[in-house]
Structure formats: C-alpha cells, structure tokens
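See below for the structure under consideration.
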Amino acid sequence: MTDTASAADAPGKRGSSARWLALAVIALAQLMVVLDATIVTIALPFAQRDLEISQGNTQWVMTAYTLIFGGLLLLGGRMADYLGRRNIFIAGLIGFAAASALAGLAQNGAQLFVGRGLQGAFAALLAPAALSLVSVTFTEAKERATAFSIFAGISAAGAAIGLLAGGALTEYASWRWTLLVNAPIAIIALIGALTFVLKDVPAPRTGGYDVPGAVSVTFGLVAIVYGFSRAAEDGWTAGSTLGLLAVGVVLLAVFVGVERRSANPLLPLRIPGEINRGGALIVALLVPIAMFAMFLFLSFYFQNTLGYTPLKAGVAFLPFPIGIAISAGITSTLLPKLGPRPLMLAGAVLGTIGLLWLAQLGFGDGYAFSVLPAQSLIALGMGPLFVGMQAVALHQVDEQDSGVASALLNAAQQVGGAVGTALLTTISVQVAKDYVIDNPTVSDLAARASIHSYDVAFYVGAGFFLAAIPVIALMIRDKPENLIEGAEDDVKVPMAV
C-alpha cells in the first residue's frame with residue numbers, strides 16, 4: 001500500500017531504530033563501493049602473475065572500475081530518481097555481487113577487466129542511490145547531521161580500510177578474495193535493504209529520458225577520466241592524453257548545451273549553479289587529489305622503503321579511519337550549531353598541515369614520529385570536510401533531484417581521484433628520475449630518490465588542500481538555520497510503506 005506521508009512521518013512509523021538500521025545497511029553498501037577502489041591495490045602483483053597480465057595492461061584492473069564508475073554516475077543518479085532509490089539500490093547490490101564473483105573467479109586478464117568494469121557500472125547505481133536514501137530518510141536536523149557524519153566517515157575512510165582488508169586477504173587467503181569478499185557483503189546488505197530500507201515513490205516523469213544528455217556526459221566523463229589515467233603512462237603532452245581530454249571537454253560542453261534546452265534534463269543546471277552546492281562540488285573535486293597523495297605514496301613508502309608486509313602496510317593506515325571516526329562524530333555535534341563553513345575550513349587547514357608534515361620525510365625516518373602524527377592530522381581534517389561537503393551538496397535539493405545531486409557529488413570525487421592518481425604519479429616519476437641524474441654519487445640512491453619523489457607529491461597534495469580554503473571561505477555560505485530549513489523542506493518526500 002502506498003502512503004504519501006512525509007519522509008519524516010514514514011520512518012517514524014517504524015521507529016527511530018528502523019532508520020538507524022537502514023543507515024547501517026546503506027553505509028555497508030557505500031563502504032563496499034568505496035573500498036573496492038583500493039582493496040585490490042596490494043593484490044595487483046599477485047593477480048598479474050597468476051593471470052599472466054602484462055605490465056602495460058595491469059593498470060586496467062584499477063582503470064576499468066574507475067572509468068565506468070565515474071562515467072555512469074549521473075545516469076545512475078537519474079535512474080534512482082525516476083525508478084526509485086530503493087529499487088536501484090537493490091539492483092545495484094545484486095549486480096555488484098555478481099560482478100565481484102566474476103572478477104574474483106577470472107581465469108584470464110580479460111575476464112578480470114570485464115568483471116571490474118561491471119563492478120564500476122553497478123557501483124554507479126549504488127553510490128548515488130545510497131547517498132540520496134540517507135538524505136530522504138533523515139530529516140530532523142540533529143539526526144541528519146549524525147547520519148551524514150557516519151556516511152561521510154565511511155566514505156572518507158573506505159580507501160584506507162580497503163588497503164587494510166586487501167593486505168590481510170592477500171597475505172592470509174588469496175588475491176581473489178579481495179574481490180570475492182564483496183559477494184557475501186552485498187548479499188547481507190541486500191537482505192538488510194529488503195528488511196529495513198523504506199520504499200520511496202519515484203519522481204514523476206512528464207517526458208522521456210534525456211538520452212542525448214546521458215550519452216554526452218557519460219562519454220565525456222569517461223574520456224576525461226581515461227585521459228588522466230593515460231597521462232601517467234604516456235605523459236601530459238602526448239597526443240593520446242591531450243586528445244582524450246579535449247574530446248571530454250567538448251562532450252561536456254555539448255552536455256551543458258543539451259541540458260539548457262532539454263525539457264526533461266538529466267542534470268538540471270540549477271543544482272550545480274547554486275553557490276553553496278557549487279562550492280561543495282569544487283571541494284569534492286580538490287580533496288580526493290590531496291587524499292591520493294597520501295594513500296598512494298604512503299603505500300609505496302610502507303612497502304618499498306620500510307619493507308612492510310601487505311598486512312602490516314594495511315595496519316599502518318589504521319589511524320586514518322580511526323581519526324575520521326572521531327572527527328566526523330565531533331562534526332555531527334557541531335554542524336547544527338556552527339554551520340559547515342568553519343568546520344570545513346578547519347578540516348582543510350588540518351589536511352594542509354598534515355601533508356606538509358609528511359613532505360618532510362627523509363631517508364632513515366620511521367613510522368612513529370614522521371608518519372603517524374601527520375596521518376592523524378589529515379584524518380582529523382577529513383571528517384569535517386566530508387560531513388560538511390555532503391550536507392551542503394544535498395541540502396534544499398528538490399526530492400525529484402536528490403539522486404542526480406548525489407551522483408554529481410560522487411562524480412566530482414571520482415574525477416578528482418583519477419586526476420590525483422595521474423597527476424601525482426607523473427610528477428613523482430619525473431622527480432625521481434631528475435634526482436638520480438642530479439645525485440649520481442649519493443649512497444642508497446634509489447631509496448633516497450623515491451622518498452624525495454614522495455615528498456614532492458605530498459607538497460603538491462597540500463597545495464590542493466590549500467586551494468580548497470578560499471573556495472570554502474567564499475562559496476560555502478550556509479548558516480546552521482539554513483541546514484535546518486533544508487531538512488524541513490525535505491520532509492515533503494513521498495514514501496511507500
């Protein structure tokens with residue numbers, strides 16, 4: 001039976017505990033999506049050897065996932081709006097479980113790449129549906145802030161948890177279990193979704209799907225993400241890199257033109273056009289670049305320089321999810337009182353200081369005094385950044401647009417992550433080569449060159465944290481009462497019970 005009661009009323013009929021159980025299910029699915037971008041990182045050499053994948057093709061284990069995920073996010077978000085967020089969430093879980101099993105049981109490189117691509121496709125359904133479900137399930141200001149803090153903490157910590165889980169599974173089971181583990185997790189989340197997540201009434205559609213918009217934005221995002229991934233291997237001035245980036249920019253310009261004229265747009269331009277949401281989306285693009293500076297190069301530092309095993313390298317990242325859990329919890333308490341801007345500014349400053357600290361790493365330094373304090377500062381900064389960013393990006397969004405708004409936020413983070421990987425890898429490789437040329441007589445030359453390249457990458461990452469500060473200061477203008485009004489406005493979401 002369909003009930004057009006408000007989102008606040010509908011969950012209330014099932015009690016507060018039902019909402020939090022629903023959040024646990026949604027958060028579990030989000031964790032699975034986020035950590036899958038990194039969980040195979042430590043396992044890559046083992047998969048490469050077993051499946052006889054060439055060195056040049058190894059990147060496709062990562063790229064196939066991020067390319068399809070980033071490219072299909074907006075389409076996945078609009079499907080969640082039109083077909084129902086819970087329906088798309090459930091379809092995403094089923095598909096993700098099947099794709100994970102296909103990838104984990106792959107007998108050759110092609111099967112692994114196809115499985116990873118399908119994971120990305122179903123993640124593009126899951127991620128926007130999950131975030132929009134949080135937005136429409138929690139409408140009371142304090143509960144909403146707490147829910148966003150939990151969801152944001154999982155989103156920010158997922159990459160570190162992925163490295164930890166990947167290290168443990170690779171060392172004690174098999175590289176295949178870094179992929180197969182998703183199947184039982186998805187099944188558990190599916191059972192939870194069917195039990196606890198409320199049905200929502202899909203947004204009414206007066207016209208057909210915006211096919212030209214979907215095609216142009218999907219291929220535009222794929223071209224840009226792939227262009228940045230090629231830059232790491234071919235260089236920034238290579239014809240392949242510049243050609244892909246140019247095609248991506250042209251297609252996105254076409255997309256904007258299509259959306260301006262469409263009666264039923266895939267992405268109503270009012271969503272990124274509002275100054276607060278626009279600022280949150282820019283921050284969502286910048287922050288992952290800085291984060292990848294830490295994850296990527298600390299992973300190299302732990303294993304290549306300090307000689308850590310895969311498991312020990314994963315454990316070394318534990319302060320990151322712990323720090324995020326602490327800072328996200330504090331942020332959830334302060335957000336309704338202070339608003340997002342001061343909290344996000346504090347987070348960006350802490351992240352900048354942490355990466356500048358990491359950039360002082362030298363040959364012979366250890367973990368406890370050189371890495372741990374810096375890592376903790378970055379983690380404490382990520383909580384307020386992610387909680388504030390997600391709250392601002394989704395507040396006062398019309399109910400029928402919450403899925404595509406969630407997708408836009410996820411797409412910005414995916415593009416930022418791809419940019420960070422390509423940009424920082426390219427810079428570090430060149431810096432290491434220059435160091436070797438300039439210091440041919442230095443002892444332990446290879447190790448010193450590597451550490452120097454990591455330091456430069458950390459400096460660049462700090463620059464992106466720094467760039468987020470004026471964006472937050474000038475564009476994030478929401479006051480605490482605006483967030484409360486936004487939550488009250490969302491009470492109009494029709495739900496089915």
Side-chain angles (χ1 to χ4, degrees), residues 35 37-39 41-42 153 156-168 170-171 287-328 346-386 417 420-421 423-425 427-429 431-432 435 444-466:
L35 67 79
T38 59
I39 193 170
T41 301
I42 294 175
I161 296 172
L163 290 168
L164 173 61
T170 300
E171 188 160 335
V287 167
I289 301 176
M291 282 182 63
F292 268 80
M294 187 198 72
F295 284 129
L296 187 62
F297 296 102
L298 274 186
S299 180
F300 292 157
Y301 178 73
F302 291 152
Q303 295 186 81
N304 298 341
T305 304
L306 299 183
Y308 288 0
T309 64
L311 177 60
K312 190 174 181 180
V315 171
F317 279 105
L318 268 180
F320 196 74
I322 292 172
I324 288 177
I326 294 171
S327 60
V349 170
L350 285 172
T352 302
I353 295 172
L355 273 173
L356 290 175
W357 189 322
L358 271 183
Q360 311 311 308
L361 270 177
F363 182 76
D365 288 344
Y367 176 80
F369 297 105
S370 299
V371 177
L372 180 59
Q375 195 179 27
S376 300
L377 284 173
I378 298 170
L380 292 174
M382 293 311 301
L385 274 172
F386 269 76
T421 302
L423 174 66
L424 298 171
T425 299
I427 290 174
S428 67
V429 168
V431 166
Y435 187 91
D444 300 300
L445 181 57
R448 292 180 187 274
S450 295
I451 294 173
H452 176 65
S453 72
Y454 305 156
D455 287 345
V456 172
F458 294 142
Y459 274 122
V460 175
F464 284 98
F465 264 129
L466 197 62

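This structure is a prediction, so every number in the text was calculated from the model and none was measured.
- Remark: Leu377 CG to Trp357 CH2 distance equals 6.0 Å, nearest 0.5 Å.
- Among all heavy-atom pairs drawn from Ala316 and Pro319, the shortest one is O-CD, 3.4 Å.
- Contact check for Asp365 versus Tyr301: side-chain heavy atoms found under the 4.5 Å cut-off.
- Between Ser450 and Ser453 the shortest heavy-atom distance is O-OG, 2.6 Å.
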>> Checking Lys312 against Tyr367 for the side chain to side chain contact (heavy atoms under 4.5 Å, CB included) test, could you report, in this order, the C-alpha distance in whole Å, the side-chain angles of both residues, the deciding distance, and whether it holds?
In response: CA-CA 12 Å; Lys312 190 174 181 180; Tyr367 176 80; over 6 Å; no
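- Taking both residues in full, the closest heavy atoms of Gly354 and Ala374 are given as O-CB, 3.3 Å, listed atom of the first, atom of the second, then distance.
- Separation of atoms CG (Leu445) and NE2 (His452) is listed at 11.5 Å; rounding is to 0.5 Å.
- Atom-to-atom distance recorded for Phe320:CZ and Leu380:CG is 10.0 Å, nearest 0.5 angstrom.
- No donor-acceptor pair under 3.5 Å is formed between the side chain of Thr305 and the backbone N or O of Phe302.
- Inter-residue side-chain proximity for Leu358 and Leu298 is flagged as met; some heavy-atom pair is nearer than 4.5 Å.
- Across every non-hydrogen atom of Gly347 and Pro384, the tightest pair is CA-CG, 3.9 Å.
- Taking the side chain as every heavy atom from C-beta outward, Phe465 and Leu350 never approach each other to under 4.5 Å.
- Nearest heavy atom pair, residue Ile378 against residue Gly351, reads CG1-O, 4.1 Å.
- The heavy-atom pair separating Leu355 from Ala462 by the smallest distance is CD1-N, 3.5 Å.
- Val315 places none of its side-chain heavy atoms less than 4.5 Å from the side chain of Tyr308.
- Proximity of Leu361 to Phe458: side-chain heavy atoms (C-beta onward) are separated by under 4.5 Å at one or more points.
- Side-chain contact check for Phe317 versus Leu164: every heavy-atom pair is 4.5 Å or farther apart.
- Relative orientation of the Tyr454 and Phe300 rings is tilted, given thresholds of 30° and 60° on the angle between their planes.
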